[in-house]
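Being a predicted model, the structure only gives us computed values, none of them experimental. Below, read A as the first sequence line, B as the second, and so on, with proteins coming before strands; counting in each chain starts at 1.
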Amino acid sequence: MPSGILCSAPLPRRFFDRPSHEVAPDLLGRVLVHGPVAVRLTEVEAYGGPGEDPAAHTYRGRTARNAVMFGPPGHLYVYFTYGMHFCANLVCLPEEFGSAVLLRAGEVVARADLARWRRSGGGLGDGGPDGGGLAGGGLGAPRRKPIADRDLARGPARLAVALGLAREHNGLDAVWEGSPAGLPQFPDPTPAQDGGRLDHATGPAGHPDHAGRLTGFPKGTAAVLEGWPPEADAIRSGPRTGISTAKDTPWRFWIDDDPTVSPYRPHTPRRRSAAATSVGEVPRS
DNA sequence: CGGATGATTCTCT
DNA sequence: GAGAATCATCCGC
C-alpha cells in the first residue's frame, strides 16, 4: 500500500436524493472524477425546482434543455451558455423534481497536467497528450502565461473544461456502480491532519501520471467520491453569482479561504447594443 | 485592483 | 430578438 495515497469511497445515489440546498454544502470537499482528471469541489450553488426558484433553469417547467434536471439524482446536467461555455451540475431529489447543484469551482487533485492542457487550448482537435483527448470545449485560446494551479478549475466553465465535460456528457451518471477494484486512488492533500477519517487504498494501483500520482479511473465514466470535506465552520454561504433574480437567496456555498474559490461577481446587466439606446437611431455595423 | 468589453450560440419569448 | 448560472483581455488607477 503506497504511503500518502488514499482511496475515497464513491457517494451513493441517496446522497443526491435530497433538496439541492442541503446537498450543496455537503458536496464541498468531495471529489468529482471524470476519466483521468479529478477535482475537489470548493464552491457550489443550489438551484431549486419549478415555480420555487426564479433563477433556476427549471423555474418555468420542463423543456428539452433542462430535461436531465427532471431525471434521477446523481446525474450530470451539463448546459451550454453565453454562446461558448459549458457548466456542470449534479441533479438532486427524485425524478420529476427538477433541482440541481451547479459546480462552480474546485481544486484539481489528479492529472493537473491534462487539465492544464485542456485549459490551454488542447482538446479541441486531436486526441490529447495521453491519447485520450475528450472534448475540451469553450475555453482554450492560446495564451501567453501558463495557467496557475489554482485557476485550473476556478469558475464553472473552467471546471467543466478541466474535467473534459461538454455537451455529450449531459445526463452522464455520476454515481459509481462499477466494482470496488476499479476505484481510483489519489494523493492525500492534507496529510497527517486527522488520520483515520478515510481508509487507505487497498485496490490495485493505477498508472502514474507526469507528477508521479496514481490514477486509474475508466475513461468516459464519472463519480463523486467522499473526498476530504472541510470542517463545518469553514463552510461559508451567500448569494449566488451572475444571476439577475433571487439575489437574496444564499444558496452559494464555498470553503472559507480556499484559493480556488472564484471571485464573487454580481450580475451585470448586458448593455443593449448602442443601436437600440434611442428610437430611430441608425444601427452601427 | 476594478470596470468595461467582445466573443459566440443556444434557448425561450 | 433578447438575454444568458462566463471568461479573458484590455485599460485606468
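Side chain of A/Thr58 to main chain of A/Gly98: a donor-acceptor pair is present (N/O by atom type, distance under 3.5 Å, no hydrogens or angles). Checking side-chain atoms of A/Ser8 against main-chain N and O of A/Glu226 turns up a donor-acceptor pair under 3.5 Å.
To the nearest angstrom, P of C/dT9 lies 9 Å from CD1 of A/Ile147. When the C1' atom of B/dT11 is taken as reference, atom CG of A/Asn170 falls 14 Å away, rounded to whole Å. Residue A/Tyr79 contributes atom OH, which lies 18 Å from atom P of C/dG3 at whole-angstrom precision. If you take CE of A/Met84 and C1' of B/dC10, they are 11 Å apart, rounded to a whole angstrom. In this entry the distance linking CZ of A/Arg265 with P of B/dC1 reads 11 Å, nearest Å. Rounded to an integer number of Å, the gap from A/Leu76 CG to C/dA5 P is 19 Å. Rounded to an integer number of Å, the gap from CZ of A/Phe86 to P of B/dT11 is 10 Å. Rounded to whole angstrom, the span from the CG atom of A/Asn66 across to the P atom of B/dC12 amounts to 7 Å.
The side-chain contact (heavy atoms from CB on, under 4.5 Å) test applied to A/Arg60 returns no partner, not counting sequence neighbours. Residues satisfying the side-chain contact (heavy atoms from CB on, under 4.5 Å) test with A/Pro266, not counting sequence neighbours, are A/Tyr264. Considering only residues two or more places apart in sequence or on other chains, A/Val68 meets the side-chain contact (heavy atoms from CB on, under 4.5 Å) condition with A/Tyr77, A/Val91, A/Asn170. For A/Asp151, the salt bridge (Lys or Arg N to Asp or Glu O under 4.0 Å) partners two or more places apart in sequence, or in a different chain, are A/Arg154. Listed by chain and number, the residues in a ring-ring contact (aromatic ring centres under 6.0 Å, His included) with A/Trp254 amount to none (sequence neighbours excluded). A/Ala174 meets the side-chain contact (heavy atoms from CB on, under 4.5 Å) test with A/Leu76, A/Leu90, A/Ala222, A/Val224; sequence neighbours excluded.
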Stepwise, does the side-chain contact (heavy atoms from CB on, under 4.5 Å) test hold for A/Val37 with A/Arg118? CA-CA 11 Å; A/Val37 175; A/Arg118 288 169 170 165; 3.4 Å; yes

List the steps and the verdict of side-chain contact (heavy atoms from CB on, under 4.5 Å) for A/Leu152 and A/Ile147. CA-CA 7 Å; A/Leu152 287 175; A/Ile147 303 169; 3.9 Å; yes

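A/Ser244 has a side-chain polar atom (N or O) that falls below the 4.0 Å cut-off from OP1 or OP2 of C/dA4. The side chain of A/Arg119 places no N or O atom within less than 4.0 Å of a non-bridging phosphate oxygen (OP1 or OP2) of C/dC7.
If you check residues 248-264 of chain A against DNA chain C, you find no residue with a heavy atom closer than 4.0 Å. Contacts with DNA chain B (heavy atom under 4.0 Å) in residues 56-65 of chain A: A/Arg60, A/Thr63, A/Arg65, listed by number.
The distance from atom CG of A/Leu32 to atom CG of A/Leu27, rounded to the nearest 0.5 Å, is 9.0 Å.
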Side-chain donor-acceptor pairs under 3.5 Å in residues 43-50 of chain A, sequence neighbours left out?
residue	atom	partner	partner atom	Å
A/Glu43	OE1	A/Ser262	N	2.7
A/Glu43	OE1	A/Ser262	OG	2.8
A/Glu43	OE2	A/Arg104	NE	2.9
A/Glu43	OE2	A/Arg252	NE	2.8
A/Glu43	OE2	A/Arg252	NH2	3.0
A/Glu43	OE2	A/Ser262	OG	3.0
A/Glu45	OE1	A/Tyr47	OH	2.7
A/Glu45	OE2	A/Thr241	N	2.7

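Listed nucleotides: B/dC10, C/dA4, C/dA8. Nearest to the side chain of A/Thr81: C/dA4. Comparing B/dT8, C/dA5, B/dC10 by their closest approach to the side chain of A/Phe80 singles out B/dC10.
Residue-level contact check: A/Arg104 touches the backbone only, with heavy atoms under 4.0 Å from sugar-phosphate atoms and none from bases. The residue A/Leu102 sits close to a base: some heavy atom pair falls under 4.0 Å.
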In dot-bracket form, how is DNA chain B paired, counting a Watson-Crick or G-U wobble pair only if both its distances are under 3.5 Å and using | for bases paired to another strand? |||||||.||||.

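Other cluster members for A/Phe97: A/Leu93, joined by side-chain heavy-atom distances under 4.5 Å among Ile, Leu, Val, Met, Phe, Trp and Tyr.
You cannot call A/Tyr82 stacked on the base of B/dA7; the centres under 5.5 Å and planes under 30° rule is not satisfied.
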Atom pairs under 3.5 Å: protein N/O with N/O of nucleotides 11-13 of chain C:
none

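With A/Phe16 as the aromatic partner, A/Arg13 does not meet the cation-pi criteria of under 6.0 angstrom to the ring centre and within 45 degrees of the ring axis.
Aromatic ring pairs are classed by plane angle as parallel below 30°, tilted from 30° to 60° and perpendicular above 60°; the pair A/Phe86 and A/Phe80 is tilted.
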